[in-house]
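Reading through the structure tokens given below for one structure.
Protein chains get the first letters and strands the later ones, always in sequence-line order, with residue 1 at the start of each.
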Amino acid sequence: MKGDTMGESFNKIRRGILLNACVRSILYGLSCGIGLTAAVMLVLKLAGVRLNLVYYIIAAVVLSAAACAIWFFALRRSNSRIARELDESMGLAQRVQTMLEFDGAEGGMIELQRRDANERLSAVSDSQFKGRRIWTAVLAFVLAAALLVGAVLVPQRGSQDPFDPDFEMSDFQRRRLEELIEYVKASQMEESVKTRTVSELEGLLVSLESAEKESQKNKLVREVIKNVRSAVDVVCAYDDIGLAMRESGFDNMEMFDTALYELSQSLSSESLEAIKSGFGEYDEMEKLAAASARFSQELQSCLQNFNGNMGITLFAFISAIRREVDEAARNMENLIYGVNVKKACTVLDGIFDRYTEDISAEMQREMGNISTGEYVVNELMTIFNVTDEDGDSSANDGQQSSGTISDDTTIKRDDEDRGDDGGAGTGETLYGSNDIIYDYESKSHVKYGDVIEAYRKGLYEKADGDTSSLSDEEREFILSYISALYGNSKSDD
Amino acid sequence: MENTENTVNMESMESVKKFSEQIAKIKSELRKDIVGQDEIVDNVIIAIISGGNVLLEGVPGVGKTRLVRSLGRALSLPFSRIQFTPDLMPSDITGTNVIEKDEYGKMTSVFRRGPIFANLVLADEINRATPKTQSAMLEVMQEHKITVSGVTYKLEEPFFVLATENPIEQDGTYPLPEAQMDRFTFKLIMNFPSDEELIDIVKMTQITMAENAEAVIDGATILEMRELASTVPVIDDVLHYAIKLVSGTHPEIESATDTAKKYIKNGASPRAAQALITCAKIRALINGCYNVSYDDIDALAAPVLRHRLKINYTAVSEHLSVDDIIAMLLKENKRSRK
């Protein structure tokens with residue numbers, strides 16, 4: 001039988017013990033959380049593993065919270081346990097236990113017992129009962145804090161790269177970087193991209209003057225490469241739309257993608273003609289209408305994923321083509337054109353023809369941005385001997401496809417792949433002939449393929465000619481380099 | 001409601017106060033005749049209040065009989081003494097039917113009460129009587145009544161048997177049967193007094209050999225004190241502790257202690273547990289505590305258990321006394337405290 005006859009003395013002590021349990025739980029919990037985290041930090045530091053400080057903080061907070069809860073459940077006391085501990089520690093001869101067990105019971109002797117127990121309890125001070133335990137918790141906390149301080153102060157083993165030589169920008173690198181800046185300024189890039197790219201390169205020039213380690217240099221260069229790619233990406237719509245076309249699985253879309261690329265290269269767009277011819281092969285209006293409608297639908301799907309803010313012009317042109325083809329298809333279904341399939345095809349031809357010139361100009365503008373941006377990236381990698389951060393090392397060998405500007409915006413085309421593999425189908429190596437380079441002789445941007453032969457001949461004559469001042473050993477080295485570089489080129493030597 | 005509680009409290013406090021005063025008076029009177037032996041005196045008083053019988057053991061001359069006689073005077077109760085001898089017959093204790101002529105000259109059978117018809121009976125040197133005579137004490141000690149020739153006579157309450165015995169190794173003694181031993185609440189050992197105590201004893205008896213104690217308490221008061229003590233609360237933990245102590249003396253049960261398995265032949269009876277709790281309540285009150293504690297149980301374990309345990313040959317061969325075994329049992333049992 002439980003009543004409400006427990007004295008105020010007992011309730012006061014019980015509240016004190018509960019508070020004491022809370023404080024100790026917090027102290028022990030923090031000790032566990034901090035101590036464990038500090039131990040892990042110490043081990044990882046000594047093992048040479050570097051972890052962000054945030055992870056340690058999160059671990060410490062989570063562990064402390066969990067430990068606090070566990071400690072509280074472990075340290076909390078039931079009334080009977082409190083009574084037992086009071087009796088034991090204060091020598092009260094089971095007075096408190098008896099008072100608790102007969103709480104609410106009636107009887108003269110019970111009342112006397114209760115009064116006696118309360119009188120004894122009122123003489124008990126909190127410090128007599130629990131003071132020592134608080135200090136144990138404080139001591140644990142201090143030890144954990146000391147461990148944490150130790151772990152923080154211990155130097156990170158292997159904190160520096162195993163091979164991180166000093167860096168000082170050479171005159172050659174400085175001159176090449178300045179030339180690259182001039183190249184960009186003189187390029188056909190859009191002004192917004194050009195301004196940002198130049199700004200990035202000039203900033204790099206300044207930053208590298210103060211760089212002391214290779215790792216710092218690499219970090220700065222990679223940052224600029226990333227920013228240049230980002231600047232180019234935002235003005236190009238073809239990256240998204242073209243990729244969607246290539247992945248559509250619809251022949252006409254893939255051909256349309258190829259047609260766009262041909263237009264960007266000022267090539268005669270055979271793919272576009274093929275699409276038109278394809279439409280012309282239908283001998284019934286319904287079939288042509290269905291084919292046109294599907295073309296429109298597929299094109300709509302490709303356009304849906306375009307989220308760019310820039311490159312909206314190309315997007316608008318292609319959207320206009322889609323709308324008009326869609327309208328033409330509906331007109332065909334409505335037999336507005338009667339049964340004259342040829343007339344309907346003429347309408348389709350007209351739609352494509354009407355936008356061909358604008359799309360060609362827009363694609364060339366985008367490609368100009370892409371190729372210039374990629375040139376900047378390749379030059380930076382070459383000048384500062386930096387590999388692509390994402391592991392794409394192809395930039396270093398001068399064979400980078402003209403369509404590649406970044407991993408997620410790769411315009412890697414089948415016909416380019418064939419060319420990179422050694423000119424499959426022609427038996428010739430193209431040497432990245434679609435790359436745009438700055439020609440110091442003509443002071444203009446030219447295709448690498450157009451001038452490569454002249455460069456080779458000039459270099460060969462200077463190295464191997466009678467007027468050469470090179471030693472035999474130097475000449476032999478340069479000739480072997482030319483031979484290795486150009487391979488089975490169309491040299492006439 | 002509060003007034004009622006206060007009234008109850010006042011009454012209880014008065015009763016407890018009276019209880020303490022009576023105890024102090026008894027002790028004071030006994031001190032007039034007994035030197036030292038404080039623990040023995042305390043335990044005898046506890047047994048008297050609980051209504052139990054006491055067996056006092058000690059070598060001749062340590063004051064066993066004097067203690068009982070002095071107690072008889074202090075309690076102001078009808079007192080009788082039976083000197084147990086080998087030729088003592090049961091009827092010498094209980095009484096017997098005799099044929100008498102009534103006033104009309106008619107022969108009638110009349111029951112002549114024996115010395116057992118008293119409130120306080122001193123069974124002096126009880127182990128000198130034969131087992132047959134000792135058995136005559138069984139019914140009277142447990143049930144406080146006597147049956148003679150098919151007629152049962154109830155004894156007046158309170159009734160106590162205070163027996164003395166000489167160590168069993170002495171000549172001319174008979175061991176008390178287990179059934180009779182179990183009817184003694186306490187077996188108290190009176191040790192030989194120290195030199196200082198012996199000096200006081202000699203000085204005291206030079207004046208007079210007679211007991212000096214005076215009557216300070218009557219039978220009704222003892223019954224009231226017994227009633228009051230029975231209301232002292234005992235928590236379950238302490239109760240279980242006492243039960244475990246008693247049950248732990250039985251080597252044949254599963255929960256037996258290691259000590260019991262090794263050294264004890266026969267364990268204590270349930271009467272031991274009853275005696276432990278009853279007497280612990282009185283001890284608590286005497287010590288000014290209103291509840292029974294583990295210490296009360298521990299303090300009374302030896303007097304309650306020592307005559308109820310039968311140790312085996314292993315204990316004898318290791319020169320362990322019953323008290324040694326009880327100390328070991330207590331040590332083991334302390335682990336069961338909650």
Is the number of heavy atoms from other residues, nucleotides or ligands within 6.0 Å of [atom1] ([X]) greater than 12?
| X | atom1 | value |
| --- | --- | --- |
| B/Glu332 | CD | yes |
| B/Glu157 | CD | yes |
| B/Lys261 | NZ | yes |
| A/Phe141 | CZ | no |

## Note on the structure
Okay, B/Leu285 and chain A: the region with an atom under 4.5 Å from a heavy atom over there is side chain

### Query
With a 4.5 angstrom heavy-atom cut-off, which part of B/Val292 approaches chain A: side chain, backbone, both or neither?
backbone

### Summary
Greatest number of non-hydrogen atom pairs under 4.5 angstrom with chain A, of B/Val238, B/Val232, B/Asp236, falls to B/Asp236

#### Entry: Nearest heavy atoms of A/Gln97 and B/Asp237, plus distance in Å
NE2-OD2, 3.5 Å

### Task
Specify the closest pair of heavy atoms between B/Tyr290 and A/Met109, including all atoms of both residues, with the distance to one decimal.
CD2-SD, 3.8 Å

### Message
Strictly distance-based, threshold 3.5 Å: is any side-chain N or O of B/Asp296 a donor or acceptor partner for the main-chain N or O of A/Ala93?
### Response
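Absent.
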
Rounded at 0.5 Å granularity, tell me how far [atom1] in [X] sits from [atom2] in [Y].
| X | Y | atom1 | atom2 | answer |
| --- | --- | --- | --- | --- |
| A/Gln94 | B/Asp295 | CD | CG | 7.0 Å |
| A/Gln113 | B/Thr231 | CD | OG1 | 11.5 Å |
| A/Glu101 | B/Asn291 | CD | CG | 10.5 Å |
| B/Ser15 | A/Leu112 | OG | CG | 8.5 Å |

